[in-house]
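Below is one structure, written out as structure tokens; comments come after it.
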Amino acid sequence: MARGASKQARERAGRRQLLARWCHRAGVLPLLGRMRLGSGDAVRVLAYHRVLESAEPDDFSFDTDLISASADAFRQQMAYLKRHFVPMTFAQVLDHLDQGRRLPRGAVLVTFDDGYDDNYRIAFPILRELGMSAMFFVSTGHIDSGRPYAYDWLVHMVCSTTAARLRAPELGVDWALGPDLGERRAQASELLDRLKSLDDEGQGALIARLEREWNLPRSEGHPHCRPMTWDQLREMRAAGMEIGSHGVDHRMLAKLPRDRMIAEVQGSKQALERELGGPVAVLSYPVGGPDAFDGDTVEAVRAAGFRMACSYVAGTRAIEATTLYSVPRLPVERQMDREWFEAMVAVPEVFSYTSRLRTG
Ligand SMILES: [Zn+2]
């Protein structure tokens with residue numbers, strides 16, 4: 001899940017966008033991009049969550065920060081990567097590593113977190129049309145149950161409750177709920193940022209309490225917040241897409257007691273391999289920021305037989321033995337226009353998000 005940026009981060013984002021536009025107009029990006037491509041083995045791993053028909057959907061009470069792009073923008077972005085970079089699969093990357101071969105300059109990987117059904121309905125046909133692949137990291141418990149994701153449901157509750165106040169004393173929150181959707185979204189965003197400071201039990205208890213108090217049970221589900229199904233994932237895999245683990249129940253692994261953390265890691269791998277009928281080698285840490293995984297988590301992921309793991313720390317790095325279990329990524333978000341996206345993949349150091357708040 002991606003987190004709404006703070007005001008400061010949004011201002012920084014605005015400056016990046018302006019600089020990207022300027023570089024584009026001045027025609028310096030191809031030059032910068034070539035310098036960057038020639039400067040080492042860092043691999044660009046793009047991170048998406050949701051692709052919807054529109055990046056500004058009407059009547060949408062879920063987390064708009066999880067909308068990475070509209071269908072049109074996504075198609076443009078993929079076509080751009082295909083033209084200017086070297087799209088690869090994780091299987092190809094692992095093959096290169098096994099054979100001690102360097103990755104090609106301009107190697108790029110496309111990933112999705114969580115497992116929303118728009119990945120199947122919208123992103124998958126576009127990828128297929130362009131002859132590209134992507135990695136879809138899914139939380140297997142949600143694929144099994146069809147239940148909405150907890151953090152997104154919390155946003156939905158804050159945006160749609162008829163209650164007048166939001167009380168969460170454990171987070172120092174006692175707010176009058178805003179009169180319009182824009183204000184509710186900002187409050188939900190702030191609440192989610194604070195929520196992630198609690199341990200797993202505390203997070204679950206708060207969400208469950210609001211479900212009860214506001215009579216908005218997550219088990220009811222909602223058409224705007226549906227996970228994919230196993231049949232859809234099997235179809236995607238048969239068509240050349242890669243499927244990886246995002247835990248069982250989208251828990252922050254470093255905040256779980258050790259035995260439950262291990263159960264999330266192993267359980268997701270077993271479910272994927274049972275349902276998809278083949279090995280699953282890569283995981284992305286739910287939420288994925290620096291407080292979402294630690295040395296114990298990495299050890300459990302390695303011991304379970306995963307060969308690589310992605311974080312949601314923004315950036316690029318060479319993929320090698322010491323970085324295999326903490327591969328950074330480049331978040332793509334709906335406010336990125338074409339210039340910004342192209343600048344970000346050309347020169348990620350300058351144009352990607354660096355806020356610690358951006359987590360997947
Ligand atoms: Zn996630």
Side-chain angles (χ1 to χ4, degrees), residues 1 45-54 57 62 66-79 81-82 87-95 108-149 152 221-250 264 267-284 286 305-310 329 332 360:
M1 303 276 165
V45 185
L46 300 186
Y48 291 82
H49 283 92
R50 310 190 66 171
V51 175
L52 298 180
E53 283 88 353
S54 160
F62 289 87
L66 293 177
I67 305 173
S68 310
S70 68
D72 286 344
F74 181 69
R75 183 180 286 104
Q76 255 179 26
Q77 291 167 0
M78 293 303 106
L81 295 183
K82 206 178 159 180
M88 295 185 77
T89 61
F90 281 80
Q92 290 168 334
V93 169
L94 285 167
D95 271 354
V108 63
L109 294 147
V110 176
T111 69
F112 282 79
D113 275 4
D114 297 349
Y116 282 93
D117 74 341
D118 48 78
N119 294 181
Y120 172 79
R121 288 187 292 107
I122 301 175
F124 170 47
I126 293 171
L127 289 160
R128 210 166 29 177
E129 170 194 318
L130 293 170
M132 292 178 71
S133 180
M135 168 65 86
F136 295 86
F137 293 115
V138 303
S139 298
T140 56
H142 290 274
I143 309 298
D144 281 336
S145 68
R147 280 219 309 175
Y149 303 92
D152 209 3
H222 193 288
H224 291 165
C225 187
R226 279 203 183 121
M228 289 184 277
T229 66
W230 286 116
D231 277 344
Q232 290 170 342
L233 290 169
R234 280 187 279 266
E235 182 186 338
M236 290 162 78
R237 182 143 146 149
M241 304 295 130
E242 297 187 290
I243 314 294
S245 163
H246 200 46
V248 174
D249 206 21
H250 202 277
E264 282 277 322
S268 65
K269 191 164 194 290
Q270 283 159 5
L272 285 163
E273 293 182 345
R274 185 182 63 234
E275 294 290 341
L276 302 175
V280 166
V282 192
L283 169 144
S284 93
F306 288 104
R307 299 200 51 207
M308 242 171 113
C310 292
R329 290 186 286 173
V332 180

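For the pair Pro286/His250, a side-chain contact is recorded, criterion being any heavy-atom separation below 4.5 Å from C-beta on. With contacts defined as side-chain heavy-atom distances shorter than 4.5 Å, the pair Phe74/Ile122 does not qualify. Residues Arg329 and Thr111 have side chains in contact (heavy-atom distance under 4.5 Å, counting atoms from C-beta outward). The closest side-chain heavy-atom distance from Leu66 to Tyr48 is not below 4.5 Å. Using a 4.5 Å heavy-atom threshold, the side chains of His142 and Asp249 count as touching. Side-chain contact check for Val93 versus Arg307: every heavy-atom pair is 4.5 Å or farther apart. Looking at heavy atoms from C-beta onward, Glu273 lies in side-chain contact with Pro279 at the 4.5 angstrom threshold. Taking 4.5 Å as the limit, some side-chain heavy atom of Ile67 sits within range of a side-chain heavy atom of Pro57.
Although no hydrogens or angles enter the test, the distance criterion places no donor-acceptor pair under 3.5 Å between the side chain of Asp144 and the main chain of Trp230. With Tyr149 contributing its side chain and Asp114 its backbone, the two residues share a donor-acceptor pair below 3.5 Å. Without hydrogens or angle criteria, Asp118 side chain to Val51 main chain gives a donor-acceptor distance under 3.5 Å.
A distance of 10.0 Å separates NE2 of His224 from CG of Asp117, quoted to the nearest 0.5 Å. To the nearest 0.5 Å, the span separating CG on Asn119 from CE on Met236 amounts to 6.0 Å. Between Leu272 atom CG and Ile143 atom CD1 the span is 8.5 Å, to the nearest 0.5 Å. The line from CD1 of Ile243 to CG of Leu276 is 6.0 Å long, rounded to the nearest 0.5 Å.
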Give every donor-acceptor pair under 3.5 Å between a side-chain atom in residues 127-140 and any protein atom, sequence neighbours left out.
| residue | atom | partner | partner atom | Å |
| --- | --- | --- | --- | --- |
| Glu129 | OE2 | Arg75 | NE | 3.0 |
| Ser133 | OG | Gly240 | O | 2.7 |
| Ser139 | OG | His246 | O | 2.8 |

Val45 and Phe90: CA distance, side-chain angles, deciding distance, side-chain contact (heavy atoms from CB on, under 4.5 Å) verdict: CA-CA 10 Å; Val45 185; Phe90 281 80; 4.3 Å; yes
Verdict with supporting geometry, Phe306 and Val280, side-chain contact (heavy atoms from CB on, under 4.5 Å): CA-CA 7 Å; Phe306 288 104; Val280 166; 4.1 Å; yes
Stepwise side-chain contact (heavy atoms from CB on, under 4.5 Å) check, Asp152 with Arg50: CA-CA 12 Å; Asp152 209 3; Arg50 310 190 66 171; 4.0 Å; yes
side-chain contact (heavy atoms from CB on, under 4.5 Å) assessment of Ser68 paired with His49: CA-CA 6 Å; Ser68 310; His49 283 92; 3.9 Å; yes
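A side chain to side chain contact (heavy atoms under 4.5 Å, CB included) with Arg121 holds for exactly one of Met228, Gln232, Glu53; it is Glu53.
When every heavy atom of Ser268 is checked against every heavy atom of Ser245, the shortest pair comes out as OG-OG, 2.7 Å. Closest approach of Thr89 to Glu242, counting heavy atoms only: CB-OE1, 3.2 Å.
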